[in-house]
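Keep in mind the model is a prediction, meaning the values are calculated, not measured.
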There are 2 protein chains.
Amino acid sequence: MTDKDRPDALRHVPNERAADVLFECFADMINRGVLRDGDPLPPEREIVQTYGVSRTVVREAVLALSNKGLVEARPRFRPVVRKPSYDTAMATVGNVVGRLLQEPGGIYNLFETRIMIEVALARQAAQQPNAKGIEQMRVALAANGAAIEDNVVFYQTDMAFHSALYAMPGNPVLPAIYRAYVSWLEPQWSLMPRQSDRNRGNFHAHTAIFNAIVAQDPDVAEQAVRTHLDAAWQQVRSTFKEEDMP
Amino acid sequence: MTDKDRPDALRHVPNERAADVLFECFADMINRGVLRDGDPLPPEREIVQTYGVSRTVVREAVLALSNKGLVEARPRFRPVVRKPSYDTAMATVGNVVGRLLQEPGGIYNLFETRIMIEVALARQAAQQPNAKGIEQMRVALAANGAAIEDNVVFYQTDMAFHSALYAMPGNPVLPAIYRAYVSWLEPQWSLMPRQSDRNRGNFHAHTAIFNAIVAQDPDVAEQAVRTHLDAAWQQVRSTFKEEDMP
DNA sequence: CACCTAGTTTGGTATGACCAAAACAGGTTA
DNA sequence: TAACCTGTTTTGGTCATACCAAACTAGGTG
């Protein structure tokens, strides 16, 4: 296979790995919609023919696509295109973040940013009330209150309530951030014993947050969020006897 | 090469790719400090001998390490270990985020989260003043004021001032977030024409933020940040005639 | 129509080879 | 001694081929 036989995209690219060029090629196709979400990638041997590169290069390019979350590759299955979203962006860092959380204080560093963001969200929700968003919080809160006795359902509705807070501004980045928080902190949270009295306390905290937002009082909303999340942190901390509190 | 000859780590791992196992192996070594920051990875052919796998597998594992930012691999150089940090985490998402920013409204979605965070930081700085942090802001502000006539230096000191805000809480996640913002939004900002009158306005905005923090007035600090960043967004918007404002 | 089966496709791995650039080791020269 | 040149070795990047096991497919069978 000589250089002349190749498609333009892979010709004369000095000091750049062929696999990287091929990666960019497919990334662009995914980005421009030529390859749509859910489509399978062509078979490796077909890509070899099309682009005039070895299977080694194809595999490295596909692996890079997979590592960056642009395709989803299960062993022995054709890779499936996943249109990039803020969720996939968060997922790609999951590995690194997971290791950072193991360092002393790592978990609290992350949780502190969550407190900061949820405080900001609550203040903003109180200052710029949004009928649809408040309604979503209302139903989430009601479902949360109805599930106090059921630890599993309470956990789900708890997340749904917080999720409604992140959805308030209508910015797609924020819900993705929340889902990332949940997936990263979930290993700690899920091991924490759930009890209906704790559920009751958390529900009351949610109610206080919601009421402050409805009352359009950002200061009270901020304090309610801080109280709630600080308490949640204390629960986690007491469960694991971690010594990495600030 | 039979299964018996291999190290335990790579034996009997059903339905899991050998490359993934090898990746985890090296990721753990980096995480536990066996491979320290700056160390070069062993040569591929040596890894082949040590772990009893083919070079294909080794290359895929190294590529995965590279894609996740655990090692830095330049063409024809030995990969160098990079201890995972929140910065590398941000860098790995850079590719995906870059594509998301090209979508309509993408840039503002990201910038809105920056406004939200800097508002929260300013409020927190005003509420929980920190002598060392305030001193750092003071020197950053002074340097900023001295550079009004020099667009290049003003840009640098501008970033240093905001960076000081992110450094205030002492949480290593926050400065990494700021650096990520800068690197992602830099393509837009750097093309924007810099003028000394704009510099003067920005410096006054920085001064207002700083004074409000020193005065321990979170509401004024919040408003100062909003005014500053909204103005900055208007500058960007007018420069590029983007139609994706909220 | 459901179910089983044999052949085909396809991703995962192993092996060996070659190239170009980097790293290295000597020897040469100023 | 130190700087420079040079040939060898090392090492990552690429190619080609082969084999395996699981997934897929087509065809036949009940």
Side-chain angles (χ1 to χ4, degrees), chain A residues 1-7 9-26 35 38-67 70-82, chain B residues 1-26 35 38-68 70-82:
Chain A
M1 167 73 59
T2 90
D3 227 28
K4 304 291 181 186
D5 304 329
R6 309 185 175 189
L10 293 180
R11 238 183 353 200
H12 272 162
V13 189
N15 204 20
E16 190 155 7
R17 298 178 10 174
D20 291 340
V21 181
L22 189 57
F23 164 81
E24 280 300 330
C25 205
F26 275 92
L35 290 171
D39 288 350
L41 241 50
E44 295 179 353
R45 290 166 175 83
E46 187 179 318
I47 301 176
V48 167
Q49 296 293 324
T50 308
Y51 292 89
V53 291
S54 73
R55 224 180 124 204
T56 311
V57 170
V58 173
R59 285 189 58 75
E60 292 201 357
V62 171
L63 184 60
L65 290 169
S66 172
N67 283 327
L70 276 67
V71 305
E72 187 181 341
R74 292 178 304 161
R76 285 178 291 282
F77 285 82
R78 299 267 288 279
V80 176
V81 172
R82 285 279 167 257
Chain B
M1 167 72 59
T2 91
D3 227 28
K4 303 291 183 187
D5 303 329
R6 308 185 177 192
D8 289 349
L10 293 180
R11 236 181 359 199
H12 271 165
V13 190
N15 204 21
E16 188 154 7
R17 300 178 13 183
D20 291 340
V21 180
L22 189 58
F23 164 80
E24 281 299 331
C25 205
F26 275 93
L35 290 172
D39 287 351
L41 242 50
E44 295 179 353
R45 289 166 176 86
E46 186 179 319
I47 301 175
V48 166
Q49 297 293 324
T50 309
Y51 292 90
V53 292
S54 72
R55 223 178 125 207
T56 312
V57 170
V58 174
R59 286 188 57 75
E60 292 202 357
V62 171
L63 184 61
L65 289 169
S66 171
N67 283 327
K68 298 203 183 296
L70 275 67
V71 304
E72 187 181 343
R74 292 178 305 162
R76 283 179 293 281
F77 285 82
R78 298 267 289 278
V80 175
V81 172
R82 285 277 166 257

- Item | Whole-Å distance separating the CZ atom of B:F77 from the P atom of C:dA20 | 17 Å
- If you check the A:A18 side chain, which of D:dT14, D:dG13, C:dT13 turns out closest? D:dT14
- Residue-phosphate contact under 4.0 Å: B:R59 side-chain N/O, D:dG13 OP1/OP2: yes
- Whole-Å distance, A:L22 CG to D:dT14 C1', equals 13 Å
- Note: A:V62 and A:P79 closest approach over all heavy atoms is CG1-CG, 3.8 Å
- Note on the structure: Of C:dG12, D:dT14, D:dG12, the nucleotide closest to the side chain of B:E44 is D:dG12
- Interatomic distance, A:E60 CD vs D:dC15 P [rounded to whole Å]: 10 Å
Please list, pair by pair, any protein nitrogen or oxygen found under 3.5 Å from a nitrogen or oxygen in nucleotides 17-19 of chain C.
{"from": "C:dA17", "atom 1": "N6", "to": "B:R55", "atom 2": "NH1", "distance (Å)": "3.3"}

- In whole angstrom, give the distance that lies between atom CZ of B:F23 and atom P of C:dG12. 16 Å
- Where is the tightest heavy-atom contact between A:D39 and A:L35, given as atom of each residue plus distance? OD2-C, 4.0 Å
- Message: Rounded to whole Å, how long is the line connecting atom CD of B:Q49 with atom P of C:dG16?
- Response: 11 Å
- Between C:dG11 atom C1' and A:R76 atom CZ, what is the distance in whole Å? 8 Å
- Item | Atom-pair distance (CG on A:D20; C1' on D:dT14), nearest Å | 13 Å
- Task: Write down the distance between CG (A:L41) and P (C:dT10), rounded to a whole number of angstrom.
- Result: 13 Å
- Side chain of A:P79 - closest among C:dA22, C:dG11, D:dC15: C:dG11
- Message: On a heavy-atom basis, which atom in B:F26 and which in B:P42 lie closest, and how many Å separate them?
- Response: CE2-CD, 4.2 Å
- Message: What's A:A73 touching, base or sugar-phosphate or nothing? Going by heavy atoms closer than 4.0 Å.
- Response: nothing
- Residue B:R17, side-chain heavy atoms: nucleotide from C:dA22, D:dA22, C:dT13 that is nearest: C:dT13
- Residues two or more places apart in sequence or in another chain: which of them pass side chain to side chain contact (heavy atoms under 4.5 Å, CB included) with A:P43? A:E46, A:R78
- Nearest heavy-atom pair of B:L41 and B:V71: which atoms, and what distance? CD1-CG1, 4.0 Å
- So which heavy atom on B:I47 is nearest to which on B:L22, and how close? CG2-CD2, 4.3 Å
- Item | Shortest non-hydrogen contact from A:V80 toward A:G38 | CG1-O, 3.4 Å
- Item | side-chain N/O A:S54 vs D:dC15 OP1/OP2, d < 4.0 Å | yes
- From the candidates D:dG13, C:dT13, D:dC15, the one with an atom nearest any side-chain atom of B:V57 is C:dT13
- Go through C:dA23, C:dT10, C:dG12 for me and flag the one nearest to the A:R78 side chain. C:dT10
